[in-house]
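These numbers come from the heavy atoms of this one structure, side chains and all, not from hydrogens, waters or symmetry mates.
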Number of protein chains: 2
Amino acid sequence: MATAQAALQTEGFQRALPANLTTRRYPAARSTDAVVALPGIAGPLQQLGQTMHYMRSEVVEDAGDPADYVYKVVSGTLRAVRLLADGRRHIAKFLTAGDYFGIAEGDDYTSGLEAITDCTLMRYPRNKFQTTLESDAAAGRQLFGQICRQLEASNHLLLLLGRKTAAERLASFLLSFCQHGNSEICLPMCRSDIADHLGLTIETVSRVITKFKQQRWISMQDASHIRITAPDKLEALAAN
Amino acid sequence: MATAQAALQTEGFQRALPANLTTRRYPAARSTDAVVALPGIAGPLQQLGQTMHYMRSEVVEDAGDPADYVYKVVSGTLRAVRLLADGRRHIAKFLTAGDYFGIAEGDDYTSGLEAITDCTLMRYPRNKFQTTLESDAAAGRQLFGQICRQLEASNHLLLLLGRKTAAERLASFLLSFCQHGNSEICLPMCRSDIADHLGLTIETVSRVITKFKQQRWISMQDASHIRITAPDKLEALAAN
DNA sequence: CGCAAGATTGAATAACCTCAACAGCTGTGG
DNA sequence: CCACAGCTGTTGAGGTTATTCAATCTTGCG
């Protein structure tokens, strides 16, 4: 009972601060005023959109900022970031072409949005977005579907974070990149992004990947180019 | 390197099967045909609803069942359950009065729905539900808001599961029950439900609660009746 | 080249889990 | 009424997994 007693006296539960909180805000993004036709979004909304360009590592929005815009990804990869007070980070979602950000928010963004690669977004004023949705049934349906898929993805990730081992998490993660039978993966995000998405550390991510490599379940050209050589083994691990 | 080597040879990554998969399907729920006016849902939808009663531990829907109905909780508490192939379980959400289930699903339910307490639900045929939504803007807005709040809750839980310690998870969990300044909590769910929601084991849940009790941050009449005596300490732990 | 950032690897540690025992409560049946 | 079984919850001991801390390697890039 000695350790518990000690913890009791110090009121326990402390946690060390991580050293590096590196994400910086970069100079303002370029915006082209040209109206770009977006495949997959209904007519009226196209008029409202503004094309925005962001560079690698640039912050599009911080968590806590007033949620004035809805974004749609045209190209590139971004991360939706949440932070705890002491800097621990979680990435709820990686966004790629076709994904929306900011639809489901309240007054403020509840997570930040950061560019992982150079990327192009469409930006819609949020208030006009809402009213347009109600007048345009087709667009409304589409957005509703988007939210539903996001919810499903989040709930899927909950199971992963709540109950899967490190190896299972990485197997699931890697497999999510080769839906279409292509076994060649190009990961746009770095190890720390993967770790913060899967609730692990970069060291654990690295170790598990190394183990996969040793098993010859995957092969790697470099850290971001992975070829899945035994999808059946990974699928057995992913277990869902 | 001995252990890693051994793991490599056996292809590693195994995991023991949990012994008890106890949830059973009970006899069919009673349904009263009377149409009940639901506070908070718009007119036309009320006509479609059917009131359903379920008893404690009864299964409303299993994951994988065709998603034919949308449910709205009138009273009682339920759990939304996901399982891995080997029986590991996660509870994405506890549902209470006013919560919906089945809106965001595809063809099949992606999680099961089980009554924790005796409860009353409104059941709507899903196809009619959809069409009614499109014709009734107010109802559509309301449902859209529901989904958005669900998504926000899921993303909030992602951060908890991905990055919080056991003590922090339980602090967050307990605080989520006393939003309105009342420090008396009555937990309708058992320890294993809490554990499966927070990604912990029942033993860890029990130990952390004991520790909170020893710190005099909470006091307990019995296992399900908790009084929060030091909300500031718990809030500091919850850290968000 | 030399530096910085990302990635990998190793050793030690901490957090949480597993297994096991036990306590408390509830309902059942003699 | 009491004995008993069954279930939930608590507690302890020991093991496993993932983390932490640290060193090394790799890869651009000015």
Side-chain angles (χ1 to χ4, degrees), chain A residues 1-8 12-24 56-57 88 116 161-170 187-196 198-214 220-226, chain B residues 1-8 10 12-20 22-24 56-57 86-88 116 161-170 187-196 198-214 220-226:
Chain A
M1 216 25 216
T3 52
Q5 203 69 18
L8 201 158
F13 309 132
Q14 288 85 351
R15 184 161 242 274
L17 280 164
N20 57 334
L21 301 175
T22 51
T23 307
R24 289 170 294 140
R56 198 167 75 80
S57 296
R88 277 173 287 169
I116 291 178
L161 292 176
R163 286 293 176 234
K164 288 190 184 179
T165 65
E168 290 168 344
R169 293 179 199 196
L170 267 153
L187 297 174
M189 70 292 289
C190 67
R191 294 291 186 264
S192 73
D193 285 340
I194 298 174
D196 286 343
L198 300 180
L200 301 169
T201 59
I202 52 175
E203 293 95 332
T204 299
V205 169
S206 189
R207 271 185 259 268
V208 171
I209 288 181
T210 299
K211 211 168 168 187
F212 285 171
K213 212 163 43 182
Q214 291 172 341
M220 283 167 61
Q221 201 166 10
D222 59 69
S224 59
H225 292 83
I226 296 179
Chain B
M1 198 57 197
T3 52
Q5 203 68 20
L8 202 158
T10 57
F13 309 133
Q14 290 86 352
R15 185 161 244 271
L17 280 164
N20 58 334
T22 52
T23 308
R24 289 171 293 140
R56 199 167 77 80
S57 295
D86 62 4
R88 277 173 286 169
I116 291 178
L161 292 175
R163 286 294 175 232
K164 289 190 184 179
T165 65
E168 290 167 345
R169 293 179 198 196
L170 267 151
L187 297 174
M189 71 292 287
C190 66
R191 295 290 187 265
S192 74
D193 285 339
I194 298 174
D196 286 342
L198 300 180
L200 302 169
T201 59
I202 52 174
E203 293 95 332
T204 299
V205 169
S206 188
R207 272 185 258 270
V208 171
I209 288 182
T210 299
K211 210 168 167 187
F212 284 171
K213 212 163 43 179
Q214 290 172 342
M220 282 167 62
Q221 200 167 9
D222 60 68
S224 59
H225 291 85
I226 295 179

Side chain to side chain contact (heavy atoms under 4.5 Å, CB included) against Arg191(A), all qualifying residues, sequence neighbours excluded:
Leu187(A), Ile194(A), Ile202(A), Val205(A), Ile209(A), Met220(A), Ala223(A)

Between P on dC7(D) and CG on Asp193(B), what's the gap in Å once rounded to a whole number?
16 Å

Thr201(B): side chain to side chain contact (heavy atoms under 4.5 Å, CB included) partners, not counting sequence neighbours
Glu203(B), Thr204(B)

Rounded to the Å, how far apart are Lys164(B) NZ and dA15(C) C1'?
17 Å

Which whole-number value in Å describes the distance from Leu170(A) CG to dT8(C) P?
11 Å

Taking side chain as C-beta onward, heavy atoms only, is Arg88(B) less than 4.5 Å from Thr165(A)?
yes

Whole angstrom value for the distance that separates C1' of dC16(C) from CG of Leu161(A)
16 Å

Nearest 0.5 Å please: distance from the CG atom of Asp196(B) over to the CE atom of Met189(B).
12.0 Å

May I have the distance from His225(B) (atom NE2) to dG24(C) (atom P), rounded to whole angstrom?
20 Å

Let me know the distance between CD of Gln221(B) and P of dG24(C), rounded to the nearest Å.
17 Å

Main chain of Leu198(B), side chain of Arg169(B): is a donor-acceptor contact present, judged purely on distance under 3.5 Å?
yes

Please report, rounded to the nearest Å, how far the P atom of dT27(D) is from the CG atom of Asp222(A).
8 Å

Any N/O donor-acceptor pair, Arg207(B) side-chain to dG12(D) base, under 3.5 Å:
yes

Nearest to the side chain of Glu203(B), heavy atoms from C-beta on, is which of dG12(D), dA22(D), dC17(C)?
dG12(D)

Can you tell me which nucleotide in dT18(C), dT10(D), dA18(D) comes closest to the side chain of Thr210(B)?
dT10(D)

Can you see which heavy atom on Leu200(B) is nearest to which on Ala166(B), and at what distance?
CD2-CB, 3.9 Å

Which part of the nucleic acid, if any, lies within reach of Leu200(A) when heavy atoms closer than 4.0 Å are counted: base, sugar-phosphate only, or nothing?
sugar-phosphate

Value in whole Å for how far the C1' atom of dT9(C) lies from NZ of Lys211(A):
14 Å

Counting only side-chain N and O atoms of Thr201(A), is one of them less than 4.0 Å from OP1 or OP2 of dA18(D)?
no

Tabulate protein N/O versus nucleotide N/O from nucleotides 5-7 of chain C, keeping only pairs under 3.5 Å, one per line.
| from | atom 1 | to | atom 2 | distance (Å) |
| --- | --- | --- | --- | --- |
| dA7(C) | OP2 | Arg191(A) | N | 2.8 |

Taken in chain and number order and not counting sequence neighbours, the residues that satisfy side-chain hydrogen bond (donor to acceptor under 3.5 Å, both in side chains) with Ser224(B) are Asp222(B)

